[in-house]
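Some notes on the structure that comes next.
For the single chain, residues carry numbers from 1 onward in sequence order. Just so you know, ligand 1 is whichever comes first in the structure, and atom 1 is the first atom listed for that ligand.
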Amino acid sequence: MEKGLAVSPGIAIGVAYCILEIFVNPDRKRLEEHEVNKELARYEQARERTAVDLAALQAKVEEQIGKNEAAIFAVHQTILRDPAFTNKVRHWIVEERVTAAGALHRLLEEYTSIFSKTGDEYLQERLNDIRDVVVRLSAYLSDVLNDKEESGLSGPLIVIADELLPSQAVALGEADVHGIVTQAGSQTSHAALIARSRGIPAVSGVSGLLSKVKTGDTVVVNGSEGIVSINPESEELAAYRKLEREFFDLKDQLAANRDQPAVTRDGTELKLLANINNAKDVESAVAMGAQGVGLYRTEYLYLTHENVPDENEQFAVYREILQKSPRHYVTIRTLDIGGDKTVAYLGHNHNEANPFMGWRSIRLSFEHPEFFMSQIRAIMRCAAELKSGEPGEVNMLFPMITNVEEMRKARHLVRKAEKSLDERGIPRGEVKVGMMLEVPAAAVAIHHLLELVDFVSIGSNDLVQYLTAADRDNPKVSGLCQPLSPAVVITLKHVIEACNQANIPVTLCGEMAGQPRAFLLLLGMGLRSFSMSPAFIPTIKELANQATVEHAERVVEKVMEMKTTNQVKRYLRMELEAISPDIARLDTE
Ligand code: PEP
Ligand code: MG
């Protein structure tokens, strides 16, 4: 039995599918003689596909961003064509019968040891470039969908990886994945977000797992308690099968409330919205009874695109999402790249000493104005698709706003985009402009910012990590990065009350919106709009139906007196159990 962080609730039983992460877990398989040619062909195919990608990326980035930004992809193509690079890989496949992935890992180790001796910064950067090329190549070599067919695996899969790349995480939506386990990661890493948006049980932060499990093993994922069991005895397995069935039944039962109104027992109406990462997620939002999309994380469009989506392409995707969304209600967040999500063409090939506190999100967008403007225009054009007289709303959400100057600058760009569309006679619609409240400085000075925005969306995932100075993706400090810690509670209350007093609509779109205990607290603080992974909506709606604002307000009063996170958690668990033991079971630790 392995212990990790419970990041997406539920029980799943399936066949392990290990994604070999080339840097942490080299493929040590030895090839049989008859497999050598096939492996060479696989490597060549991966090289060809990578070369096509890089050339397309270079052209598109050059056209849309600039020659300087595109130059990096020319360097990557040179590395890919370098005979020394490829001859070594081929040689090891043929002579030493290692797999292509194994050979790439060895190559990287070789370069790392040569370059690290020099201490030369320029060479260190080239090492990063080689690493990028290797990552691209290995992504083609370990495509989870293709491999599944080739490996003959069948049945529900439990994907096991060190950490999923965003593109892999999105691709999982197409496969028969019932559970996800990662060695790294946290409540808010890609794997966790995707798992929750699809309702897939998941556990993160299980260190050393890939050395204990192999593809084909039977694995149980208990995403409610953060436990993973490998090849369990038949009795344990039978017990888990029972729990799995119960969990499905409970979820089905809850999802049946999709057409019920989201209203508390004492009659307060709520808005329960969905967080989505792509157009496919809108289907889950509809199926779970969301009243709209409260957060569309557009960066996934960039992270999973083979090159750079231009304005028209963005417009087409936004329009599709708007058309499919419940009540045609969509909040589109502008690019939030950086931190744990990077794209090379937006300058993330340099090393950031503190990625989450450095050049990320809107800070980065401001420095690529043309690129940023294309996104702002695409969102406005999408709003023109709303039919007059029909319900619908397009909201534009700027991430990681720190101060008044930034919000003014964002507003200025919005006006500029309006003007440029009007001058060219391109239709645009009315868009509300809002900020994500994620930076403590903005929380403290919220009153000043409220004069500049039409709405606020609290990004508690980031707000909590910045308030506690504890990396949201580092399992070692997850004990500190706690949404139910007293300092966070005080800050959230301050922000929600400030918004309500100023009559500025406020939503919370971080992961805590979908956590039953946190929901109770937020309801008592006066929050009425919640955006969460679609899979949580039925549970939260059921809880809302059983809770009263009056009780939630009393709960907040008590919590405000508490001094430790554990006290808050224990007390909220008790209150939740009193409302509904079933819902308490669905809460993660
Ligand atoms: C947040 O920070 O709470 C949020 C919703 O944004 P993301 O998780 O994409 O950083
Ligand atoms: Mg955020």
Side-chain angles (χ1 to χ4, degrees), residues 7-8 163-164 166 169-170 185-197 202 204 272-278 281 285 290 293-304 330-343 355-365 395-402 406 434-443 455-474 478 481-485 488 491-492 495-496 506-515 518-519 522 527 529-534 536:
V7 297
S8 181
E163 173 59 307
L164 292 179
V170 171
S186 67
Q187 294 284 356
T188 55
S189 52
H190 305 301
L193 293 179
I194 299 276
R196 276 197 293 267
S197 71
S204 282
L272 301 185
L273 305 164
N275 290 353
I276 64 160
N277 302 324
N278 51 44
D281 288 349
V293 169
L295 173 68
Y296 165 34
R297 292 181 164 101
T298 56
E299 54 277 6
Y300 281 87
L301 176 60
Y302 296 78
L303 290 165
T304 58
V330 189
T331 302
I332 304 176
R333 174 173 80 185
T334 65
L335 196 60
D336 187 9
I337 219 82
D340 60 338
K341 307 171 203 140
T342 57
V343 281
F356 273 115
M357 291 205 280
W359 195 48
R360 65 167 286 211
S361 197
I362 197 151
R363 302 170 182 182
L364 187 147
S365 295
N395 301 310
M396 178 157 22
L397 180 58
F398 291 112
M400 218 192 159
I401 293 285
T402 304
E406 278 186 342
M435 63 173 277
M436 282 195 79
L437 190 296
E438 308 183 274
V439 180
F455 68 97
V456 170
S457 193
I458 305 173
S460 53
N461 303 339
D462 275 318
L463 181 62
V464 175
Q465 80 160 341
Y466 293 135
L467 261 179
T468 57
D471 185 339
R472 62 193 254 185
D473 289 332
N474 185 343
S478 61
C481 191
Q482 290 284 334
L484 295 177
S485 58
V488 172
T491 310
L492 290 172
V495 170
I496 293 167
V506 54
T507 298
L508 187 140
C509 63
E511 292 309 306
M512 67 187 292
Q515 290 161 358
F519 168 82
L522 295 165
L527 193 72
S529 176
F530 304 78
S531 194
M532 65 199 81
S533 302
F536 290 150

With a heavy-atom distance limit of 4.0 Å, tell me whether Arg333 approaches ligand 1 through its side chain, its backbone, both, or neither.
side chain
If the cut-off is 4.0 Å to any non-hydrogen atom of Met436, which atoms of ligand 1 fall inside it?
4 (C), 5 (C), 6 (O)
Does some non-hydrogen atom of Glu511 fall short of 4.0 Å from ligand 1?
no
Would you mind listing which atoms of ligand 1 come within a distance below 4.0 Å of any non-hydrogen atom of Gly510?
3 (O)
Sort by chain and number the protein N/O/S atoms that are closer than 2.8 Å to the Mg ion (ligand 2), and list them.
Glu438 OE2, Asp462 OD2
How long is the straight-line distance from CE of Met396 back to CE of Met435, given to the nearest 0.5 Å?
15.5 Å
Would you indicate which of Ser460, Cys509, Ala192, Gly294 comes nearest to atom 5 (C) of ligand 1 when only heavy atoms are counted?
Cys509
Quick check on contacts: which atoms of ligand 1 are under 4.0 angstrom from a heavy atom of Arg472?
2 (O), 7 (P), 8 (O), 10 (O)
Residues two or more places apart in sequence or in another chain: which of them pass side chain to side chain donor-acceptor pair (under 3.5 Å) with Thr298?
Gln375
I need the atoms of ligand 1 closer than 4.0 Å to a non-hydrogen atom of Arg297, numbered in the order shown.
4 (C), 5 (C), 6 (O), 7 (P), 8 (O), 9 (O)
Among Asn461, Leu508, Leu397, Leu463, which residue places a heavy atom closest to atom 1 (C) of ligand 1?
Asn461
How many angstroms lie between SG in Cys481 and OH in Tyr466, if you round to the nearest 0.5 Å?
11.0 Å
Please check if the side chain of Glu299 supplies one atom and the backbone of Asp336 the other of a donor-acceptor pair under 3.5 Å.
yes
For the student: nearest non-hydrogen atoms of Ala443 and Val495, plus distance
CB-CG2, 3.8 Å
Backbone of Tyr300 reached by a side-chain donor or acceptor of Asn278 within 3.5 Å
no
Across all chains, not counting sequence neighbours, the side chain to side chain donor-acceptor pair (under 3.5 Å) partners of Glu438 are none
How far does CZ of Arg297 sit from SG of Cys509, to the nearest 0.5 angstrom?
7.0 Å
Just jot down the salt bridge (Lys or Arg N to Asp or Glu O under 4.0 Å) partners of Asp462, sequence neighbours excluded, or say none.
Arg360, Arg472
With Asp281, the side chain to side chain contact (heavy atoms under 4.5 Å, CB included) member among Val293, Asn275, Ile276
Ile276
Is any side-chain heavy atom of Asn395 closer than 4.5 Å to one of Phe455?
yes
If we only count N/O pairs under 3.5 Å, is Glu299 in contact with ligand 1?
no
How does Met532 reach ligand 1, by side chain, by backbone, by both or by neither, if only non-hydrogen atoms under 4.0 Å count?
neither
Have a look at ligand 1 and work out which part of Asn275, if any, has a heavy atom under 4.0 Å from it: side chain, backbone, both or neither.
neither
In terms of atom number and element, which parts of ligand 1 are under 4.0 angstrom from non-hydrogen atoms of Leu295?
5 (C)
Atom indices of ligand 1 within 4.0 angstrom of Gly459 heavy atoms, with elements
1 (C), 2 (O), 3 (O)
Below 4.5 Å, heavy atoms only, C-beta onward: do Leu273 and Ser529 meet side chain to side chain?
yes
